[in-house]
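To start, the structure itself, in structure tokens.
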Amino acid sequence: MAQSDTVDRILDAAEELFAERGFSETSLRMITSKAKVNLAAVNYHFGSKNALIHAVFARFLTPFSATLETAFDELEAKCDGKPATLNQTLWALTESAVRMPQRNEKGISIFMRLLGLAYTQSQGHLRKFLEQEYSEPFGRFMRLLKEATPELSSVDRYWRIQFMLGATAFTMSSSDALIDILENKLGVHTTVQEIAARLVPFLAAGMTAPDKMLVSAPARPAPVA
């Protein structure tokens with residue numbers, strides 16, 4: 001078995017199992033069994049489970065980051081020194097993900113499921129890895145978002161970005177199920193590209209929705225002695 005084929009088998013198996021079971025619940029023995037390789041091969045090529053997790057993310061994020069940087073270069077050249085609009089910024093991100101060549105038709109949904117797990121499970125090493133390796137393109141995205149929403153306070157922008165990421169992760173990680181439900185319920189077939197096209201204006205509207213002051217709950221009367 002060629003070395004590159006061994007690495008791909010391990011990464012394919014790890015990606016699928018991590019997405020299905022989570023990081024902590026997936027053992028190296030499960031991965032080697034699915035990949036049909038021995039444990040020594042994993043240790044040789046990756047060194048540790050954490051390094052394997054990093055490699056799974058890098059396989060998607062490294063080419064995506066390059067595509068995204070190109071999209072942002074083109075966007076800023078088109079804007080000719082003026083701030084890009086929120087819709088333009090979100091489209092640059094979304095189109096970079098959707099148009100990037102995928103190893104299989106479920107590539108985006110699997111990756112978005114993994115990204116959601118990275119923030120819901122205790123994977124501090126992974127968050128640190130992502131921040132170190134991909135801070136430049138995603139820092140640029142955050143800067144473009146800030147320039148497109150100058151009316152928002154830092155706190156409001158923080159929360160709206162979290163809500164936007166949550167909606168995106170749920171929608172894109174569940175795209176297969178959502179496509180099946182739409183077809184079964186309404187007899188309409190759709191694609192991942194069409195889902196993204198519907199998602200972008202929704203996200204933009206959420207980011208720019210009118211601010212509403214939080215209303216504190218009325219204080220409870222003191223108990224009678």
Side-chain angles (χ1 to χ4, degrees), residues 22-23 57 60-61 64-100 108-109 111-175 177-178 192-220:
F23 302 111
F57 276 78
F60 182 92
L61 283 176
F64 173 63
S65 294
T67 302
L68 187 58
E69 289 278 23
T70 299
F72 286 156
D73 287 342
E74 293 172 352
L75 175 58
E76 293 188 322
K78 179 181 178 181
C79 292
D80 194 24
K82 297 178 181 179
T85 67
L86 183 58
N87 269 306
Q88 287 175 318
T89 300
L90 293 178
W91 272 116
L93 180 73
T94 304
E95 289 184 340
S96 295
V98 171
R99 292 181 176 179
M100 195 179 74
I108 292 179
S109 63
F111 176 75
M112 293 306 297
R113 199 173 306 137
L114 290 170
L115 192 60
L117 288 171
Y119 283 89
T120 57
Q121 295 191 349
S122 180
Q123 297 294 318
H125 68 93
L126 178 56
R127 289 192 291 274
K128 184 177 180 180
F129 168 76
L130 297 178
E131 290 168 1
Q132 289 177 338
E133 296 296 321
Y134 304 104
S135 60
E136 187 170 336
F138 292 103
R140 191 175 179 186
F141 173 63
M142 291 302 178
R143 176 178 60 78
L144 289 169
L145 277 184
K146 183 176 181 179
E147 292 174 354
T149 57
E151 73 283 0
L152 295 179
S153 69
S154 297
V155 173
D156 284 340
R157 187 179 298 108
Y158 167 82
W159 282 115
R160 293 185 187 203
I161 288 173
Q162 302 314 310
F163 300 151
M164 179 176 69
L165 294 175
T168 302
F170 167 78
T171 302
M172 300 311 293
S173 66
S174 307
S175 58
L178 294 173
V192 171
Q193 288 80 3
E194 290 171 357
I195 293 174
R198 292 179 180 274
L199 183 60
V200 167
F202 175 84
L203 298 177
M207 283 292 295
T208 57
D211 189 26
K212 299 294 184 183
M213 295 298 292
L214 295 177
V215 179
S216 299
R220 295 182 179 180

Where does the angle between the aromatic ring planes of F23 and F57 fall among parallel (under 30°), tilted (30 to 60°) and perpendicular (over 60°)?
tilted
Just how far is it from atom CE of M172 to atom CG of L115, taken to the nearest 0.5 Å?
12.5 Å
On the 0 to 90° scale, with breaks at 30° and 60°, tag the F129-Y134 ring pair as parallel, tilted or perpendicular.
perpendicular
To the nearest 0.5 Å, atom CD of E131 lies from atom CG of L126 at 9.5 Å
Can you list the residues that meet the side chain to side chain contact (heavy atoms under 4.5 Å, CB included) rule with T85, with sequence neighbours excluded?
N87, Q88
Hey, mind stepping through L68 and F138 against side chain to side chain contact (heavy atoms under 4.5 Å, CB included) and telling me if it holds?
CA-CA 9 Å; L68 187 58; F138 292 103; 4.1 Å; yes
Flag side-chain contact, heavy atom, 4.5 Å: M207 against I161:
yes
Compare every heavy atom of T89 with every heavy atom of F72, then report the nearest pair and how far apart it is.
CE2-O, 4.4 Å
Distance col, row L93:CG vs L144:CG, nearest 0.5 angstrom, shows 10.0 Å
Count the heavy atoms belonging to other residues, nucleotides or ligands that lie under 6.0 Å from CD of Q162, then report whether that count exceeds 12.
yes
Gap separating the OG atom of S175 from the CD atom of Q193, nearest 0.5 angstrom
10.0 Å
Heavy-atom side-chain contact between E151 and D156 under 4.5 Å:
no
Would you name the heavy atoms of S96 and A71 that are closest together and state the gap between them?
OG-CB, 3.4 Å
Strictly below 4.0 Å, N to O, side chains only: are R143 and E147 in salt-bridge contact?
yes
Could you grab the distance from atom CG of L130 to atom NZ of K128, nearest 0.5 Å is fine?
12.5 Å
Which atom names give the shortest non-hydrogen contact between L145 and R157, and what distance separates them?
O-NE, 4.3 Å
Using the rule given for side chain to side chain contact (heavy atoms under 4.5 Å, CB included), can you reason through M112 versus T171, listing the C-alpha separation, both sets of side-chain angles and the distance that settles it, and then say yes or no?
CA-CA 9 Å; M112 293 306 297; T171 302; over 6 Å; no
N/O donor to acceptor pairs below 3.5 angstrom from side-chain atoms of residues 194-205, sequence neighbours left out:
{"residue": "E194", "atom": "OE1", "partner": "T190", "partner atom": "OG1", "Å": "2.6"}
{"residue": "E194", "atom": "OE1", "partner": "T191", "partner atom": "N", "Å": "3.3"}

Any side-chain heavy atom of T208 sitting closer than 4.5 Å to one from R160?
no
Kindly say whether W91 contributes a backbone atom to a donor-acceptor pair with the side chain of T94 at under 3.5 angstrom?
no
